Amino acid sequence: MTLAETPNHTNSSNPLLTLNYESALESLGSDYYDEVTAAEFPQHILRWRNNALLPRLGLDPQLVKDEDFITAFGKFQGRKPLLALRYHGYQFGEYNSRLGDGRGFLYGQVRGTDGELYDFGTKGSGTTPYSRGGDGMLTLKGGVREVLAAEALHRLGVRTSRCLSMIETGLGLWRGDEPSPTRSSVMIRMSKSHIRFGTFERLHYLKRPDLTKKLLDHVIETYYQHLNSEHDSEHDKYALFYAELVKRVAELVAQWMAAGFCHAVLNTDNMSITGESFDYGPYAFIPTYDLSFTAAYFDYYKRYCYSQQPGICKLNLELLQEPLKAVIDIDDLQSGLSKFAEYYLAEYRNLMLKKLGFEDGQFAEADELLQLTITFLQDSQIGYHQFFSDMARTFDSKWRDEPAFVMNTSEIVPALGASAIFDNWCVLYHQILNHFDPNQMDIIAQTLAKYNPQTALLRPVIESIWEPIAQEDNWQPFYDLVQQFQ
Ligand code: AMP
Ligand code: MG
């Protein structure tokens with residue numbers, strides 16, 4: 001083979017380039033995006049490839065080489081067009097009409113073996129018309145943090161985007177919140193869609209109801225396809241879409257709350273029209289059940305603190321009504337949104353009871369247990385994740401025999417007699433266990449283990465992963481942790 005032939009040969013045998021890419025978004029026309037080119041990087045070191053996602057793309061991980069990832073997702077060879085998506089959004093309550101993909105683009109769309117269409121979106125791939133003076137880049141630590149967040153949330157059952165790859169790119173970046181110069185990366189995020197609430201808000205701002213309708217039809221056709229067969233008139237299809245979006249978002253925020261996750265930047269440009277969680281910047285998992293816990297240091301007024309998340313998501317859904325009014329009846333929008341609290345509370349209750357060991361919350365004391373658990377977690381300020389992981393780790397069928405045995409080998413809970421709330425909690429938990437047969441204790445142990453991983457992605461954990469990378473380029477702790485989540 002001659003040297004001149006090498007690139008072509010590489011591309012045609014690269015399974016990531018020969019995937020059956022679909023042009024769903026591209027075919028909507030150029031009102032929704034700008035064609036861009038990717039940055040060229042001085043270096044490409046593959047730091048993360050998500051083998052767990054490859055079978056969903058119909059690929060055998062063994063047949064995809066590291067070099068294939070670098071060619072496709074670091075050098076961006078062989079794929080065109082690369083589309084920077086246009087959007088606006090409410091950022092911390094203020095409308096911003098200067099947004100859009102400022103450091104990423106839609107690399108391609110691929111149908112998974114599950115029949116769903118997935119976006120490959122980049123983060124850190126260079127400047128676009130929407131970079132607003134930014135460098136278009138992603139720090140390596142930012143990439144590491146997003147990979148970890150997505151995998152941890154996935155493990156916790158949150159409907160989330162995940163990172164397909166992360167490549168270190170050899171640049172020195174300057175950031176106010178990292179010791180600089182800091183290392184750089186480019187990431188591929190695999191998500192249900194990168195169409196945001198803000199994508200619709202931009203069309204309303206531009207007074208283009210025609211483009212709103214076209215995009216909405218595309219969204220329903222692509223991501224809410226089942227509605228096509230469930231409705232009996234055009235009008236119904238749109239009403240059903242919004243009602244389902246409300247449900248998906250309410251359930252998503254309930255998943256975050258149960259997971260003890262604080263997204264940190266719930267601007268409308270970070271809200272997916274598919275109701276999937278994505279874009280992990282300054283996020284944090286709550287150390288304790290602290291309602292005012294705020295993850296982003298620049299969120300001075302605690303707008304997006306832990307306890308505000310359900311209300312903010314509801315507000316964002318309400319703001320979305322403005323553009324959707326061009327197509328959907330206002331009464332339908334209002335009646336759709338009116339179900340938010342009901343959906344949220346049902347999902348939150350359901351998930352918290354699972355964390356407490358009960359797949360099925362059909363017992364009389366379920367709500368009392370939930371309330372008492374939260375009162376205890378809030379009053380004691382004991383570690384939120386540690387409480388549940390200790391329950392899972394120390395669970396013993398003996399807990400069914402005596403209230404005093406409940407969690408008695410855990411070192412983090414109060415000793416018997418030290419906390420009236422916790423003593424009551426033990427009495428109640430013991431009482432509930434007695435509704436079940438002794439031979440059902442195994443199922444409770446399994447449920448506890450399933451919903452409460454032993455490692456939580458708390459900030460000190462992330463730092464303990466980052467330190468060895470920063471100090472000695474040791475990635476093993478990172479791989480070990482991700483492995484635990486997969
Ligand atoms: P985010 O807070 O990550 O959701 O980003 C908000 C907006 O800022 C989006 O339009 C991003 O594309 C843009 N942005 C964030 N960081 C950069 C950067 N380093 N360079 C260019 N644009 C950026
Ligand atoms: Mg964003």
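In this chain, residues are counted from 1 in sequence order. Here the structure is a predicted model, which is why all the values come from computation and not from measurement. All ligand and atom numbering here is 1-based and tracks the order in the structure.
Those atoms of ligand 1 that come under 4.0 Å of a heavy atom in Arg175, given as number and element, are 19 (N). Under a 4.0 Å criterion applied to the non-hydrogen atoms of Gly100, ligand 1 contributes the atoms 9 (C), 10 (O), 12 (O). Every atom of ligand 1 with a heavy atom of Met137 under 4.0 Å away is listed here by number and element: 19 (N). Atoms of ligand 1 found under 4.0 Å from any heavy atom of Leu99, numbered from 1 in the order shown, are 7 (C), 10 (O). With ligand atoms numbered from 1 in the order given, ligand 1 contributes 18 (C), 19 (N), 20 (N), 21 (C) to contacts under 4.0 Å with heavy atoms of Gly136. Ligand 1 places these atoms under 4.0 Å from at least one heavy atom of Tyr87: 9 (C), 10 (O).
Side-chain atoms of His263 come within 3.5 Å of backbone atoms of Phe278 as a donor-acceptor pair (strictly under, hydrogens ignored). The backbone N or O of Asn452 lies less than 3.5 Å from no partner atom in the side chain of His385, so there is not a single donor-acceptor pair.
In terms of polar-atom proximity, Gly134 is not counted as a contact of ligand 1, lacking any N or O under 3.5 Å from an N or O of the ligand. Taking distance alone, with nitrogen or oxygen atoms compared against 3.5 Å, Asn270 approaches ligand 1 more closely than that limit. Close N/O approach between Asp135 and ligand 1 is found [any backbone or side-chain N/O within under 3.5 Å].
The shortest contact between atom 1 (P) of ligand 1 and any protein heavy atom is with Asp279 OD2, 4.0 Å. Counting only heavy atoms of the protein, atom 7 (C) of ligand 1 lies nearest to Arg132 NH2, 3.2 Å. With hydrogens left out, the protein atom closest to atom 3 (O) of ligand 1 is Arg103 NH2, 3.6 Å, a heavy atom. In this structure, the protein non-hydrogen atom closest to atom 12 (O) of ligand 1 is Gly102 N, 2.7 Å.
Side-chain atoms of Lys325 and Leu333, non-hydrogen and from C-beta on, do get closer than 4.5 Å to each other. The closest side-chain heavy-atom distance from Thr128 to Tyr33 is not below 4.5 Å.
The only member of Arg196, Arg86, Lys123, Arg189 that meets salt bridge (Lys or Arg N to Asp or Glu O under 4.0 Å) when paired with Asp101 is Arg196.
There is no protein heavy atom closer than 4.0 angstrom to atom 5 (O) of ligand 1.
A parallel orientation is assigned to the rings of Phe340 and Tyr344, their planes being inclined by less than 30° (bins at 30° and 60°). The aromatic rings of Phe261 and Trp256 lie tilted to each other, with the angle between the two planes from 30° to 60°.
Contacts with ligand 1 closer than 4.0 Å are made by no heavy atom of His88, backbone or side chain.
Within a 6.0 Å sphere centred on NZ of Lys302, heavy atoms belonging to other residues, nucleotides or ligands number more than 12.
Under the side chain to side chain contact (heavy atoms under 4.5 Å, CB included) criterion, His154 pairs with Thr160, Arg162, sequence neighbours left out. Applying the side chain to side chain contact (heavy atoms under 4.5 Å, CB included) test to Trp174 and every residue at least two apart in sequence or in another chain returns Ser180, Pro181.
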Quiz item: Passes ring pair (Phe, Tyr, Trp, His ring centres under 6.0 Å), Tyr384 versus Phe293? Steps please.
Solution: CA-CA 12 Å; Tyr384 179 81; Phe293 177 85; over 10 Å; no

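Residues in residues 301-338 take part in these ring pair (Phe, Tyr, Trp, His ring centres under 6.0 Å) pairs, two or more places apart or across chains: Phe92-Tyr304, Tyr289-Tyr306.
A salt bridge is absent between Asp31 and Arg202: the closest approach of a Lys/Arg side-chain nitrogen to an acidic carboxylate oxygen does not fall below 4.0 angstrom.
Protein N/O/S atoms found under 2.8 Å from the Mg ion (ligand 2): Asn270 OD1, Asp279 OD2.
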